[in-house]
Amino acid sequence: MENIISIKDVTYTYPDSEAPAINNLSLDIHSNEWLSIVGKNGSGKSTLTKLIDGLIECDSGTIEIAGQIIDEDNIWEAREKIGIVFQNPDHQFVGATVEDDVAFGLENQGVPRDEMVKEVDQALKMVDMQAYKTRDPQSLSGGQKQRVAIAGVLATKPQIIIMDESTSMLDPNGRKTVLDLIKRLRKEQSITIISITHDIEETQLSERIVVLNDGKVVKDSDPKTIYDLGPELTNFGLEEPFSSQVAHSLRDAVKLPEGYLNEEELVKSIWKSSSNM
């Protein structure tokens, strides 16, 4: 697979800290991949995001984006390939209206007004928010705000979207709406998704999960393999998926297949086992 990001032997230590936040970390992220990066607080997730976006500079090692090693001379060019959706969309809003806010990134890129109007309308259409373009962003629900934040990112046509805990403040319906939206957009466009999250359930949409601990990659595999770790996930500050918890509690009473089962697989297995009794 072609890599959109290659991180090689990167180390970063904050000025007021003795221990590195990122410790000799190497990681390849593939084009059009949905990658989830998980780990407990202090594991290095947010620091890694800042390094990828060039907000901080690594002490050693290299970060390559779309075939180009980023440095102080090309960092702004690299950033144009990346869009970040943060945990709290209110921190991203700068415009008086939804359309003003979505246009902000395009204005920074010097896009002509006629083209900008078209791009804003297209981005709002992609997230089903075109009917709200003259509204004050602060009047929207949490899920609607996050969709507007995503529209602002999409308008700049990034190759990479980083979801930085971007569903953690939403209710279950809002979380599902945003994740379904990202899933649909990824099918329609060639976009690499990097999801930074505490929520192990959210990772089920990804193709690969990377677990960080103390600034290092400690696990890197497909979701099923990671979920098979079961209770061991708590060692990394993560909860076991709910379906795994239920399966473990039932294994003594019901014959179930070994390994991780999602909710649908668990229900089918319980039904099959009950039918054979």
Side-chain angles (χ1 to χ4, degrees), residues 1-87 92 105 108-109 153-154 156-166 182 186 189-198 203 206-223 225-226 236-238:
M1 293 185 182
E2 181 183 355
N3 293 329
I4 187 73
I5 299 175
S6 289
I7 302 166
K8 298 190 184 301
D9 305 322
V10 165
T11 294
Y12 178 80
T13 304
Y14 286 101
D16 56 349
S17 177
E18 295 182 2
I22 295 295
N23 190 357
N24 197 35
L25 185 149
S26 295
L27 177 66
D28 287 332
I29 301 173
H30 311 312
S31 295
N32 202 33
E33 176 180 33
W34 188 323
L35 173 74
S36 289
I37 300 179
V38 301
K40 60 187 177 182
N41 287 335
S43 62
K45 302 189 306 296
S46 294
T47 303
L48 184 57
T49 300
K50 293 175 183 176
L51 286 165
I52 291 172
D53 197 44
L55 297 174
I56 54 178
E57 185 178 351
C58 56
D59 299 330
S60 60
T62 61
I63 298 176
E64 187 177 298
I65 297 176
Q68 187 175 42
I69 294 176
I70 57 173
D71 55 34
E72 60 182 15
D73 294 326
N74 61 31
I75 184 58
W76 290 105
E77 181 183 346
R79 280 181 182 165
E80 290 182 358
K81 298 178 174 68
I82 301 170
I84 302 180
V85 183
F86 294 101
Q87 181 181 46
Q92 291 182 253
N108 285 340
Q109 293 181 3
V153 167
L154 290 174
T156 62
K157 293 182 169 56
Q159 296 179 38
I160 304 157
I161 294 180
I162 300 176
M163 307 285 290
D164 190 1
E165 303 279 4
S166 54
I182 293 298
R186 184 167 167 266
Q189 303 181 40
S190 180
I191 300 175
T192 300
I193 305 296
I194 303 173
S195 176
I196 312 294
T197 182
H198 280 93
T203 63
S206 62
E207 291 146 330
R208 186 160 62 112
I209 299 175
V210 168
V211 182
L212 295 187
N213 196 39
D214 293 331
K216 299 178 180 179
V217 174
V218 292
K219 300 289 180 182
D220 181 352
S221 193
D222 61 277
T225 300
I226 298 297
F236 309 117
L238 301 171

Side-chain heavy atoms of [X] within contact of [Y], under 4.5 Å:
X	Y	result
His30	Glu207	no
Val85	Ile182	no
Asp9	Ser26	yes
Gln87	Asp164	no
Leu212	Leu25	yes

>> Check this for me: Glu57, atom CD, are more than 12 non-hydrogen atoms of other residues, nucleotides or ligands nearer than 6.0 Å?
In response: no

Just how far is it from atom [atom1] of [X] to atom [atom2] of [Y], taken to the nearest 0.5 Å?
X	Y	atom1	atom2	result
Lys45	Ile22	NZ	CD1	10.0 Å
Ile63	Ile52	CD1	CD1	6.5 Å
Glu33	Asn3	CD	CG	9.0 Å
Ser46	Ile56	OG	CD1	10.0 Å
Asn32	Arg186	CG	CZ	5.0 Å
Ile84	Ile162	CD1	CD1	4.5 Å

>> I'd like to know if the side chain of Asp71 and the backbone of Asp73 have a donor-acceptor N/O pair within less than 3.5 Å.
In response: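 Looks like yes, one N/O pair under 3.5 Å.
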
> Between Asp222 and Thr225, is there a donor-acceptor pair closer than 3.5 Å when you use the side chain of the first and the backbone of the second?
Replying inline: yes

What pair of heavy atoms forms the shortest contact from [X] to [Y], and how long is it?
X	Y	value
Tyr12	Cys58	CD1-CA, 4.2 Å
Ile37	Leu48	CD1-CD2, 3.9 Å
Ala21	Thr47	CB-OG1, 3.8 Å
Ile70	Ala78	CG2-CB, 3.4 Å

> Ser206 and Ser36: side-chain donor and acceptor closer than 3.5 Å?
Replying inline: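 The criterion, which ignores hydrogens and geometry beyond distance, is satisfied for Ser36 and Ser206.
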
> Strictly by modelled atom types, are Thr11 and Asn24 linked by a side-chain donor-acceptor pair under 3.5 Å?
Replying inline: no

>> Among Val38, Asn23, Val218, which residue satisfies the side-chain contact (heavy atoms from CB on, under 4.5 Å) criterion with Asn213?
In response: Val218

> Could you go step by step and tell me if Ile209 and Lys219 meet the side chain to side chain contact (heavy atoms under 4.5 Å, CB included) rule?
Replying inline: CA-CA 8 Å; Ile209 299 175; Lys219 300 289 180 182; over 6 Å; no

> Between Ile193 and Met163, does a side chain to side chain contact (heavy atoms under 4.5 Å, CB included) hold up when you go through it step by step?
Replying inline: CA-CA 7 Å; Ile193 305 296; Met163 307 285 290; 4.2 Å; yes

>> side chain to side chain contact (heavy atoms under 4.5 Å, CB included) for Ile191 and Leu154? Distances and angles first, verdict last.
In response: CA-CA 10 Å; Ile191 300 175; Leu154 290 174; 4.1 Å; yes

>> Before you tell me yes or no, could you show the steps for Val210 and Ile29 under side chain to side chain contact (heavy atoms under 4.5 Å, CB included), namely the whole-Å CA-CA distance, both residues' side-chain angles and the distance that decides it to 0.1 Å?
In response: CA-CA 10 Å; Val210 168; Ile29 301 173; over 6 Å; no

